[in-house]
Number of protein chains: 2
Amino acid sequence: MTSLKRPADATSAHDRIYRTLRARIMYGDIAPGQALTLRGIGREHGLSMTPAREALRRLVAEGALFQSVSGRVSTPEPGNERIEELAALRALLEVELASRALPRAHMALIDRMQSIDRTVAEMVAKRDPVGYIRANLEFHRALYLRAQAPAMLAMAETVWLQLGPTMRVLYGRLQRAEPPRFHKAIIAALRAGDEPGLRLAIRSDVTQGLRLLAG
Amino acid sequence: MTSLKRPADATSAHDRIYRTLRARIMYGDIAPGQALTLRGIGREHGLSMTPAREALRRLVAEGALFQSVSGRVSTPEPGNERIEELAALRALLEVELASRALPRAHMALIDRMQSIDRTVAEMVAKRDPVGYIRANLEFHRALYLRAQAPAMLAMAETVWLQLGPTMRVLYGRLQRAEPPRFHKAIIAALRAGDEPGLRLAIRSDVTQGLRLLAG
DNA sequence: CATGGGCGGATGTGATCACAAACGCGGCGC
DNA sequence: GCGCCGCGTTTGTGATCACATCCGCCCATG
C-alpha cells in the first residue's frame, strides 16, 4: 500500500471513487441495504481510507447512501412514501426540463434518442437491469441536456441517484420483457413540437414504473 | 489541540462545522467570492483540518461553495443565467410544496406565519440583511414543513443554500425598506383555501426579488 | 439446550505527517 | 519606473496512526 505512482492524474483520487460508486448506485448495480466500509472501498481502489471517506460522505450528502447513527453507511432501503415523493420530484423536474428542451430539439437529437431507445429495448430483451437503467436514463439525459439548465439537470440526476437501488429491484420485479411504453410518445411529441403532449408523455413515462410498486 | 473528552457528543465535529457554515452561507453571512481554507476553518472551530475538509467538501457537493481547479474553495459568484435557473427551481419546488401543504395548514400555522412575517418586517426596518433572509426563509419553511415531503423540502433548502451569497448582495441592493409584498397574499390564500391563488402568490414572492437583478 | 455476558476484531473519527502544486511577494534586470 | 522570474510560504491531498465504539461470536451458566 506504499504510495508511489502519480502518473499525471487528471482528477483527484476521491473523485474517481466517487464517480465509480455513483455510477454503480445510479444504475442499480448495488442492492438496497448493502453495507460499504471505508477500508473496503479504499482497498478496492488501491487507496487509503481518506479518499474513500470523502467519496462516501459526499454520496451520503446527496442522499445516495444512508448513514446509520453509528456511522456505518449502506445503500438505502426507502419506504414507499419516499419512493412516491422521489417519483413526484422526477415528474416535476423532468417535465420542466423537457419543456425547456423542446424548442431546441433538432432532428439529430431525436434520431439519437430513437437509437438509444433501441438499446433500451435490447437491454430489456437481455434481461439486463443495469444496462436497462443506464440506457433509459441516457435517453432522458440526452433530451434534458438540450434544456441548457445545468442546475436543474443536476437535481434530476440526484433524484435518479437516490432511486438507483430501488429501480433495480423494481425493474427486476416486472418480469415481462416490455420496453417502456411512453418513449414512443415522447419522440412523437418532440417531432410534432407538441408541448402539452410532451409534458404528459414525460410525466407518464417517469411515473409508470414507480406506480406498480405502491399497488 | 489534543483530543481529550468527548462526553456524549450529540453530533460529530464535522457536522458542527458543516451546520455552522451552512447557516452562514444560506443566510447571506458570507460575501460572494470569499475564500475558505481548511486550516483556517479548522482553527476557527478548534479542530484539525480533517473535519473542516469534510464539511467543505460536502458544501461543495451541494453547490453551496465553489471549488477551483487547484482545490481552493470559495463562495460562488453566480452569473445571471444561473441565478435565473435557481429562481425557476425555487418556483417549481416551492409552488408544489405550498400546494401540498395547503390542505394541512391549520389556523395555528397561519398565525405563526403572520408572526414570522412581522419579524421579517422588523428586520427590513433594521436594515439587517442576514436577519431578513433568515426570517424570510423561516416563513417559507414553516409552511413547507406541513407538506410532509422531506426530500422535496431538502431540495428547496439546497436551492436556498446556493442562492445565499447572492441574496445578500440582492437584498443589500434594494435599499428601500419594503417588506415582501406577497406574504400577505400567501396568508390570504391560505386562509381562503385558494390553491390557484396560493400557487400564484408563492411564485410571485419567490420570483420577485430575483427579477430586479436581471433587469 | 437456551440465553446472556464478555471479549476480540472491525469500523468510523479526528489528528498529524509528507509531499506536490499553487500563490504571492520581493528582488533583479532592463 | 516597470515587468518578470524565482523562491519561500500557504494550501490541498492522501497516508497513517491512536482511539472510542460497535458488532458479532463464542462460551459459560442456569
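Letters A, B, ... mirror the listed sequences (proteins, then strands); counts begin at 1.
The residue among B:Thr37 and A:Arg39 whose nearest nucleotide of DNA chain D is located toward the 5' end is B:Thr37.
A:His183 and A:Phe139 have parallel rings, their planes meeting at less than 30° on a 0 to 90° scale where 60° marks the start of perpendicular.
Computed from coordinates, the B:Arg53 CZ to C:dG14 P distance equals 12 Å when rounded to whole Å. Atom CG of B:Leu36 is separated from atom P of D:dT10 by 18 Å (rounded to the nearest Å). Across the protein-nucleic acid pair, A:Leu65 atom CG and C:dG12 atom C1' stand 15 Å apart, rounded to whole Å. Atom pair A:Arg57:CZ and C:dT11:P shows a separation of 17 Å (rounding to whole Å applied). If you measure from atom CG of A:Leu47 to atom C1' of D:dT13, you get 11 Å, rounded to the nearest angstrom. Here C:dT11 presents its C1' atom at 8 Å from CE of A:Met49, a figure rounded to the nearest Å. One can place CG of B:Leu38 at 15 Å from P of C:dT16, the figure rounded to the nearest angstrom. Rounded to whole Å, atom P of D:dT13 lies 14 Å from atom CD1 of B:Ile41.
Note on A:Thr50: a base of the nucleic acid sits closer than 4.0 angstrom, heavy atoms only.
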Step-by-step side-chain contact (heavy atoms from CB on, under 4.5 Å) determination, A:Arg100 to A:Gln148: CA-CA 8 Å; A:Arg100 288 177 178 230; A:Gln148 305 280 44; over 6 Å; no
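Close to D:dA15, at under 4.0 Å from its OP1 or OP2, lies a side-chain N or O of A:Ser48. Contact check, A:Gln67 against C:dT13: a side-chain N or O comes under 4.0 Å of OP1 or OP2. Listed pair A:His14 / D:dG14 meets the phosphate criterion, a side-chain N or O lying under 4.0 Å from OP1 or OP2.
With hydrogens and angles disregarded, a donor-acceptor distance shorter than 3.5 Å links the side chain of B:His106 to the backbone of B:Arg104.
The side chain of B:Arg72 lies closest to C:dA22, out of D:dT13, C:dA22, C:dG14.
Residues satisfying the side-chain hydrogen bond (donor to acceptor under 3.5 Å, both in side chains) criterion with A:Glu122, sequence neighbours excluded, are absent altogether.
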